[in-house]
Amino acid sequence: MTDRYDVIIAGAGPAGGQAARDLAARGYEVCVLETETREEFPSRSNKSTAGTFPSTMASFNIPDEVVMNFTDDVVLESPNHHFRRHQPGAVLEFADFKNWLVDESEADGAEYRFDARVSKPIMEGGDIVGVQYNGDEKVYGDIVIDATGPSAPLAKKLDVCNLERERQAIGIEFEFEGMDLAPDGYADLTDAMMLRLDHNLAPGGYSWIFHTGEDTAKVGVCYIQNQGHRDNAQTGFTIDDYLQYWVDTDPRFENAERIAGKQHRGSAHIQLPDRMSTDNFMAIGDTVPTVDPLWGEGIDKCMRSGRVAAATADRVLTHSERDTSASQLAIYDQLWHERVAPKVKKRLFMTEMLYRTSNERYDSLISDLHNYSEDQLEAANQGSPLGMLRLLKFQDLSVLAATAKDWFSN
């Protein structure tokens with residue numbers, strides 16, 4: 001076991017695993033440091049709903065073996081309406097998916113060190129040259145990548161990404177059996193992924209049901225500590241209380257039971273990114289979180305960031321000089337904005353507006369969606385100003401003004 005590598009990656013999630021997979025396939029010496037032990041991986045970090053679409057499955061050659069259920073549609077719900085869109089997808093078994101990434105990259109030569117808790121960067125001359133973990137253990141590399149998610153111990157020490165963490169997203173998910181996926185008065189969620197906008201269940205956020213086969217489903221709630229949450233939160237309610245309230249009041253759960261051991265928790269931070277790289281260093285995945293306003297797609301974003309980081313590392317390491325300076329690694333920032341989260345400012349602004357909107361407006365929005373073409377919806381979701389304006393009504397002006405005021409003041 002060596003102490004020097006071409007690339008060191010902290011974190012073995014979708015972003016870190018994909019970066020390791022791409023770099024190892026190109027013949028680089030890669031070391032991945034993962035907090036969990038090999039035996040428990042990925043139990044504590046198994047926190048994703050893991051819903052994705054065919055474009056992601058094809059782009060990263062994700063095998064069918066890690067899919068719990070292939071779905072036909074996406075359903076959007078409000079308190080009293082729903083909208084169905086034909087959109088094939090796949091609900092992944094997240095633990096199997098993450099282990100597949102490890103196996104793929106190890107097969108190409110990547111080294112994984114489990115039970116390795118990263119603590120801080122090793123600095124020389126003001127630049128990061130390695131990583132310290134498990135107290136005083138050290139490993140060195142030409143490039144260091146932080147893929148640790150919200151904890152971000154390396155990015156924080158290097159003052160990269162402007163990690164103020166003002167809008168924390170908190171989520172909880174259980175897997176249930178005995179679900180009624182098509183009760184009277186509700187959308188048929190057989191072979192569907194459903195996202196619900198309803199402040200009674202997720203103030204300032206959303207909830208979901210992802211069918212995982214037969215009468216089972218992944219069910220979760222996520223809210224962001226934003227103005228929408230402050231305006232609509234129930235006094236004293238925790239994230240667990242909201243999920244329990246939903247289970248107690250929705251007929252789809254009347255005979256449902258939680259599947260033992262299938263509980264997942266997670267957090268992220270929704271914010272505009274600052275620089276994501278510096279000398280010898282890049283931050284990827286949920287260390288630099290982004291969001292797709294309507295469809296989520298967190299796994300896709302993480303894996304794309306891992307891929308563009310690997311492409312950047314490949315470019316700078318192929319030269320004999322191995323120039324890993326900030327100016328060279330800034331290629332990653334450019335690729336992130338082009339390929340991972342294009343128009344990120346507009347999309348985050350739309351997300352902030354969406355989660356401030358009232359339940360009554362959610363009902364009218366979902367009802368109105370039946371009158372829009374798929375091209376119009378896609379344009380709005382991709383951050384097109386004209387596409388977003390076409391979804392707005394006169395009553396949205398106050399929300400638009402309040403969001404703009406907070407946006408520019410921050």
Side-chain angles (χ1 to χ4, degrees), residues 47-51 69 71 73-85 91 169-267 294-296 354-370:
K47 61 186 181 181
S48 174
T49 54
N69 189 37
T71 56
D73 300 321
V74 170
V75 174
L76 296 179
E77 282 190 359
S78 64
N80 297 294
H81 294 291
H82 71 266
F83 168 75
R84 179 181 297 274
R85 172 182 175 179
V91 183
I170 301 171
I172 182 174
E173 176 187 81
F174 288 97
E175 295 184 34
F176 284 83
E177 59 185 354
M179 295 282 297
D180 183 352
L181 294 163
D184 291 341
Y186 288 82
D188 186 348
L189 301 184
T190 306
D191 296 331
M193 292 189 283
M194 182 274 279
L195 298 173
R196 184 180 179 95
L197 296 170
D198 184 344
H199 290 303
N200 293 322
L201 307 180
Y206 57 94
S207 53
W208 63 87
I209 297 175
F210 286 1
H211 185 208
T212 52
E214 298 182 347
D215 64 352
T216 65
K218 292 185 177 186
V219 178
V221 171
C222 174
Y223 60 71
I224 303 169
Q225 293 175 325
N226 53 19
Q227 191 61 47
H229 180 262
R230 290 187 286 272
D231 290 342
N232 296 284
Q234 299 274 356
T235 302
F237 262 45
T238 66
I239 192 72
D240 298 71
D241 294 324
Y242 286 111
L243 180 54
Q244 188 60 52
Y245 173 77
W246 190 16
V247 170
D248 291 340
T249 57
D250 192 313
R252 290 174 284 204
F253 299 99
E254 185 175 355
N255 298 308
E257 295 183 358
R258 294 176 181 174
I259 300 174
K262 296 293 187 176
Q263 174 181 317
H264 319 301
R265 296 178 184 271
S267 65
L294 293 182
W295 312 122
L354 184 68
Y355 294 150
R356 286 174 180 244
T357 300
S358 68
N359 272 2
E360 291 75 20
R361 182 65 179 97
Y362 286 153
D363 276 338
S364 64
L365 172 64
I366 298 302
S367 181
D368 289 344
L369 290 180
H370 293 88

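Atom CZ of R196 is separated from atom CG of L76 by 11.5 Å, given to the nearest 0.5 angstrom. Here the NE2-CE distance, from H211 to M193, works out to 12.5 Å after rounding to the nearest 0.5 Å. In this structure, CH2 in W208 is found 10.0 Å from NZ in K218, a value given to the nearest 0.5 Å. To the nearest 0.5 Å, the span separating CD on Q244 from OG1 on T249 amounts to 9.5 Å. Remark: I172 CD1 to D240 CG distance equals 3.5 Å, nearest 0.5 Å.
Contacts classified as ring-ring contact (aromatic ring centres under 6.0 Å, His included) and involving residues 171-200 (residues at least two apart or in different chains) are given here: F176-F253, H199-Y362.
Judged as a side chain to side chain contact (heavy atoms under 4.5 Å, CB included), and not counting sequence neighbours, the contacts of A233 are P203, H229, Y242. In this structure D231 satisfies the side-chain hydrogen bond (donor to acceptor under 3.5 Å, both in side chains) test together with Q227, sequence neighbours excluded. Shown here are the side-chain hydrogen bond (donor to acceptor under 3.5 Å, both in side chains) partners of N255, two or more places apart in sequence or in another chain: there are none. For the salt bridge (Lys or Arg N to Asp or Glu O under 4.0 Å) test, no residue two or more places apart in sequence or in another chain qualifies with D188. For T212, the side-chain hydrogen bond (donor to acceptor under 3.5 Å, both in side chains) criterion is met by T216, not counting sequence neighbours. The salt bridge (Lys or Arg N to Asp or Glu O under 4.0 Å) search around R252 returns E77, D250, not counting sequence neighbours. Contacts of E360 classified as side chain to side chain contact (heavy atoms under 4.5 Å, CB included), with partners at least two apart in sequence or in another chain: S358. The side chain to side chain contact (heavy atoms under 4.5 Å, CB included) search around E257 returns none, not counting sequence neighbours. Not counting sequence neighbours, D191 has no partner by the salt bridge (Lys or Arg N to Asp or Glu O under 4.0 Å) test. Evaluation of the salt bridge (Lys or Arg N to Asp or Glu O under 4.0 Å) rule for D363 yields no partner, not counting sequence neighbours. For D215, the side chain to side chain contact (heavy atoms under 4.5 Å, CB included) partners two or more places apart in sequence, or in a different chain, are E177.
Considering every non-hydrogen atom in both G204 and N226, the closest pair reads O-ND2, 3.4 Å. When all heavy atoms of M179 and A217 are compared, the pair lying nearest together is CG-CB, 4.2 Å. Across Y355 and L197, no two heavy atoms sit closer than the pair CE2-CD2, 4.0 Å. Between S207 and L201, the shortest heavy-atom distance links the atoms OG-CD1, 4.0 Å. Closest non-hydrogen pair, V221 versus A202, comes out as CG1-CB, 3.8 Å. Across all their heavy atoms, T71 and A192 have their closest contact at CG2-N, 3.7 Å.
Proximity of a side-chain donor or acceptor of D368 to a complementary backbone N or O of L365 within less than 3.5 Å is not detected. With D73 contributing its side chain and R84 its backbone, the two residues share no donor-acceptor pair below 3.5 Å.
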For R85 and L369, run side chain to side chain contact (heavy atoms under 4.5 Å, CB included): C-alpha distance rounded to whole Å, both residues' side-chain angles, the deciding distance at 0.1 Å, then the answer.
-> CA-CA 10 Å; R85 172 182 175 179; L369 290 180; over 6 Å; no
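Put simply, the side chain of Y223 does not reach to within 4.5 Å of the side chain of N232, judged on heavy atoms.
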